[in-house]
Amino acid sequence: MRKKIISLLLTLMMGRLVYAVDIDTDELDKEIQRLQEEKKLWIETVSKQKETKDAAAGIVSVITQEDIKRYGGRNLADVLNRVTSLYMTETSVYANSVASMRGDLATITNNHTLVLIDGRPVRDTMQGGLNQMVFQDFPIHQIEQIEVIRGSGSVLYGTNAVSGVINIITKKNKDNALTVRGRYGSFNTGQAEGEFAWKDAEASVTGAARYQDSRGWLLSANDEKNQPSAFHTSSQDVSTTVSANWKDFTLNVYFADMHSTHWNSAPIGAAAPMTYQRLFVDGGYKTQINSHWSTQLNVTYNHAAMYTYSLASSPFPLHSSEDNILLEQTQFLNFFDNRLNLTLGGLAEWQTGQMMQQDTSPPIPFYSYIKSSLYAEASYSLLDNLKLIGGGQWHRFDALNQNVTNNLPYKASTGLVGRLGLVYEINSNMGIKVLYNQSFRSPNAIELKINLPGIVTGNASLQSEQSESIESQFFYHTQNYSASLTAFRNRQSNLINRVPQPVSQNGLVYANGGSGIFQGLELETKATLFKKLHWTGAYTFQTNRDNQGRNNLSVVPNHIAKLGLSYDVTPQLQLSVFDTFFSAAKKIPAAMEVNPPANGYHNVTMNGNYRLDELFGSHFAKHVTLTLYVDNLLNEKIYYPEFNRKRINTIPASGGRSVFGEIALEF
C-alpha cells in the first residue's frame, strides 16, 4: 500500500512537471515569435497600410535611422544617393534638385519621382517637382525611416509617381527628450540643429529645427559663351519640421526658407541670388470604425514661393507664388481574417499660382486648376504565402480659368491607370514578386501657360504623360543577411518636350510626343558580419532608348554601384565608409565641349561617431557624441551633364574633399 501511494505521488509530480514544461515551451515559442516579428522590416508606403517588406507588392529600399547615424551625411541628398538605382543630380537652375530613378531623367525638376512626408505628397504645381528644399534642408536626424519604392506608385499616389516614390517618415511618440547639435566644416559651413520630443498619455509632439550658413565651394567653369565663370555656391537656410498626435488626430508641418547662389536658368556669367520658400502642412484623422473597417481623412496644404533673377538676358527680378490644397478620404477594409484587404479612396486638389516679372507681362498668368481622382486596390491571400494584388485609379485634370496659350484651346485631361501583382513567399527565407504597373504625370503650369515670346511658350492642350512597367524580383534573407535581384522594364509615352516653334515663330513650345524605354537589373544586399561589422551593397545596370530605337534617351550612367562598411570598434566608437560609384554619364549631342567630361567617379564618404559619455559623466547630459564626416574622400573631380539647355557639355558638381565636425548633446 505504501508503495502505491509513493507511485501515485511521483506520477502526479511528473504530470505537474510535464505541464510546467509545456507552459514554458509555449511561452518560449511566443517569445521567439515576438522577437522574429520585431526583426522584420515593416513598411507602409506601398499599400498605405503597415506590412512587411517581403509581403509588399512593390520593390522597396529602406533607410533606417540607424543607417543615417552610421553613414552620416550633410543633407537628405547625401543619404538618398546611397539608395539602389538612385542618381542624385542637378542643373544650372537648381542644386540638389533631382532624384533620378532607374535611369529616368526627364527634366530639371523631380517630376517623375514623387516625394512624400509621412505618406502625404509634397507638391508644387508650377514646375511639378521642385524638391531642392527637401533634399537640401530637411533635418535628417528627425527621420525615423525612408522608404523608397523603385517603380510606379500612381494607383495610390497619383501624378509624378512614374519611376519612384520617396516617403520620409518622421519620428513620433518618443519619450521626452532634447538634442542640440553644432557642426562646422569646409567652405566656412556652420550648422546648428535641435530636436525635441514630448508626450503624455494621449498626446505627443516631436520636431526639429535647423539653421545652416555656408560660403559654399567655388564653382569655376566655362559658360555658354565659352567665357570663364566663377562664383561661390553660398547658401543660408532655415528649416523646421513638427509632428503632433492627439488621440486619432495628426498634424505634420515642414517649412524651409533658403537663400542661395547658383547659375540659374542659363549658365552664363556670374550667378544671381535666389530665395525659395516651401511650406507643407497636413492634418489627418484616422479612426477604427469596427474590426473590419477604418477610415482616414487628410487635408494637405503646399505653398511654394521663389524670388530670383531667372533669365540671364533680363535685368528684372522674377517672383512666383503658388498654393495647393488637397482633400483626401481613404477607407481600409478587411475580411476573412485579413485574407482580403481593400483600399478605397478619392481626392480633390485645388491648385493656384502665378509668375510675375517687373515691367513686363506675367511669364505665367494666374492659373486655377482642379485635379480629382478615385482609386481602389485589393489584395487577397489565396494561400498563407501567396498574395494577389489588383487596383486602379481614375483621374481628371480641369482648368477653372481656361485662358488659352499659343492660340491653342484648353482641353480637359482624363485617364485611367491600373496595377496587378503577385507575391509568393516560397518559405520563411525566400520569395518572388511579379508586378505590372501603369502611371501618369499631369502637365505643370509652366508647360501649360508660360509665355516668353521668342524663348519658350506653353501649350494649353497638353495631355498627361503615360507609363507602364513590368518588374520581377527574387529575394532571400536570413537573420543576418538579405539579398534581392530585380529585373525591370518601364515604357513611357506621350512625353512632354520642348520642340521648335513653327517657321513663322521663334523659340520653343511644349508638346506631347515621343516615348522611351528604360530597362535593367538591380542587385541589393545587406548583412551583419561578426556582430560588429555591417555591410550594405547594391549594383544597377540600366539602359534606355527613345521611340526611334536610339540609345541614351537620358544621360544617366549605365552602371551604378554602392557599397558601405560599418564597424563597431568599441561600444563608444563607430567607423563607417561608403563608396557611391557612377560610370561615365552619356554625352549630350551637339553640346559645346567647354568643360571636362562627366567621367565615372567614386564618391567615397567616411563617418565616425564617438561617444564621450564617460569623459563628461551623466550629470552633464545623457549622451555626448562627437561626429567627423568626410565627403569626397578621394578628392574626385565630379561633373554632371548640362541636360537642361544642352548647349554646353557639363557643369561642376563638387568642390572636392570636404570635412565636417559635429558635437551632439542629448538631454
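A quick note: this is a predicted structure, and the numbers were derived from the prediction, not measured. The analysis underlying the following values was restricted to heavy atoms, covering all of them including side chains, and did not include hydrogens, waters or symmetry mates.
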A.B. asks: Hey, are the side chains of Tyr254 and Pro139 touching, using non-hydrogen atoms and a 4.5 Å cut-off?
C.D. replies: yes
A.B. asks: Determine whether Glu465 and His112 satisfy the following criterion, side-chain contact (heavy atoms from CB on, under 4.5 Å), listing intermediate values before the conclusion.
C.D. replies: CA-CA 10 Å; Glu465 297 180 340; His112 277 191; 2.7 Å; yes
A.B. asks: Going from CZ on Arg102 to OG on Ser469, what distance comes out if it is rounded to the nearest 0.5 angstrom?
C.D. replies: 7.5 Å
A.B. asks: As an exercise, state the distance from CD1 of Ile43 to CG of Asp54, rounded to the nearest 0.5 Å.
C.D. replies: 9.0 Å
A.B. asks: Would Tyr539 and Leu563 count as a side-chain contact (heavy atoms from CB on, under 4.5 Å) here? Give the steps.
C.D. replies: CA-CA 9 Å; Tyr539 169 73; Leu563 172 63; over 6 Å; no
A.B. asks: Please list every donor-acceptor pair under 3.5 Å in which a side-chain atom of residues 128-136 meets a protein atom from a residue at least two apart or in another chain.
C.D. replies:
from	atom 1	to	atom 2	distance (Å)
Gln132	NE2	Ala95	O	3.2
Gln136	OE1	Asn96	ND2	3.3
Gln136	NE2	Asp237	OD2	3.2

A.B. asks: Show the nearest heavy-atom pair for residues Ser576 and Arg70, with the distance to one decimal.
C.D. replies: OG-O, 3.0 Å
A.B. asks: Write down the atom of Val162, the atom of Asn490, and the distance for their closest heavy-atom approach.
C.D. replies: O-ND2, 4.0 Å
A.B. asks: Hey, is the main chain of His141 close enough, under 3.5 Å, to the side chain of Lys171 for a donor-acceptor pair?
C.D. replies: yes
A.B. asks: What is the minimum heavy-atom distance between Tyr276 and Met274, and which atoms define it?
C.D. replies: OH-SD, 2.9 Å
A.B. asks: Closer than 4.0 angstrom, basic N to acidic O: yes or no for Arg647 and Asp223?
C.D. replies: no
A.B. asks: Per the side chain to side chain contact (heavy atoms under 4.5 Å, CB included) rule, which among Ser234, Ser658, Ser186, Pro652 passes with Trp217?
C.D. replies: Pro652
A.B. asks: If you measure from OG on Ser85 to CZ on Phe518, what distance do you get to the nearest 0.5 Å?
C.D. replies: 13.0 Å
A.B. asks: Have Lys531 and Asn480 got a donor and an acceptor in their side chains that come within less than 3.5 Å?
C.D. replies: no
A.B. asks: Determine yes or no for a side-chain-to-main-chain donor-acceptor pair under 3.5 angstrom, with Asn544 supplying the side chain and Ser554 the backbone.
C.D. replies: yes
A.B. asks: How long is the straight-line distance from CG of Asn607 back to OG1 of Thr627, given to the nearest 0.5 Å?
C.D. replies: 6.0 Å
A.B. asks: Donor-acceptor check, side chain of Asp613 to backbone of Val624, threshold 3.5 angstrom: yes or no?
C.D. replies: yes
A.B. asks: So how far is it from Ile169 CD1 to Asn167 CG, rounded to the nearest 0.5 Å?
C.D. replies: 4.5 Å
A.B. asks: For His232 and Gly216, indicate whether the former's side chain and the latter's backbone hold a donor-acceptor pair under 3.5 Å.
C.D. replies: yes
A.B. asks: Report yes if some heavy atom in the side chain of Arg657 is under 4.5 Å from a heavy atom in the side chain of Val630; otherwise report no.
C.D. replies: yes
A.B. asks: Closer than 3.5 angstrom, by distance alone: can the side chain of Arg82 be matched with the main-chain N or O of Gly564 as a donor-acceptor pair?
C.D. replies: no
A.B. asks: Do Asn302 side-chain atoms and Val122 backbone N/O form a donor-acceptor pair below 3.5 Å?
C.D. replies: no
A.B. asks: Other residues, nucleotides and ligands only: do more than 12 of their heavy atoms fall within 6.0 Å of NZ on Lys637?
C.D. replies: no
A.B. asks: Within the structure provided, determine whether Leu218 and Phe187 are in side-chain contact (heavy-atom separation under 4.5 Å).
C.D. replies: no
A.B. asks: Can you check whether Gln127's main-chain N or O pairs, donor with acceptor, with Thr109's side chain at less than 3.5 Å?
C.D. replies: yes
A.B. asks: Can you find a pair of side-chain heavy atoms, one from Ser92 and one from Glu642, that are under 4.5 Å apart?
C.D. replies: yes
A.B. asks: When you measure from the side chain of Lys562 to the backbone N and O of Val83, does any donor-acceptor pair fall under 3.5 Å?
C.D. replies: yes
A.B. asks: With a 4.5 Å cut-off on side-chain heavy atoms, are Tyr87 and Val98 touching?
C.D. replies: no
A.B. asks: Can you sort out the partners of Ile146 under side-chain contact (heavy atoms from CB on, under 4.5 Å), two or more places apart, ordered by chain and number?
C.D. replies: Ile63, Ile68, Leu76, Val79, Leu80, Ile143, Val148, Ile166
A.B. asks: Report the residues that fulfil ring-ring contact (aromatic ring centres under 6.0 Å, His included) with His602, sequence neighbours left out, ordered by chain and then residue number.
C.D. replies: Phe581
A.B. asks: Testing the basics here: between Ser97 and Glu90, what is the closest heavy-atom pair and its distance to 0.1 Å?
C.D. replies: OG-CA, 3.8 Å
A.B. asks: Using 0.5 Å steps for rounding, measure from the CG atom of Leu633 to the CG atom of Asn635.
C.D. replies: 9.0 Å
A.B. asks: Just wondering, do Gln492 and Ser163 contact through their side chains at under 4.5 Å, heavy atoms?
C.D. replies: yes
A.B. asks: Verify side-chain contact (heavy atoms from CB on, under 4.5 Å) between Val577 and Val604, making sure each step is shown before the conclusion.
C.D. replies: CA-CA 7 Å; Val577 177; Val604 179; 3.9 Å; yes
A.B. asks: Using the ring of each side chain (for Trp, its six-membered ring), is Phe578 parallel, tilted or perpendicular to Tyr71, with breaks at 30° and 60°?
C.D. replies: perpendicular
A.B. asks: Locate the shortest heavy-atom distance separating Lys433 from Gly58; write the atom from each residue and the value.
C.D. replies: NZ-O, 3.0 Å
A.B. asks: Does Arg150 make a cation-pi contact with Phe488, if we ask for NZ or CZ under 6.0 Å from the ring centre and within 45° of the axis?
C.D. replies: no
A.B. asks: Mind checking whether Thr625 and Glu666 have side chains closer than 4.5 Å, heavy atoms only?
C.D. replies: yes
A.B. asks: For residues Gln542 and Pro557, report the shortest heavy-atom separation together with the two atoms involved.
C.D. replies: NE2-O, 3.0 Å
A.B. asks: Measuring only between side-chain heavy atoms, which start at C-beta, is Gln519 closer than 4.5 Å to Arg545?
C.D. replies: yes
A.B. asks: Please confirm whether the backbone N or O of Asp67 pairs with a side-chain atom of Thr64, one donor and one acceptor, at under 3.5 Å?
C.D. replies: yes
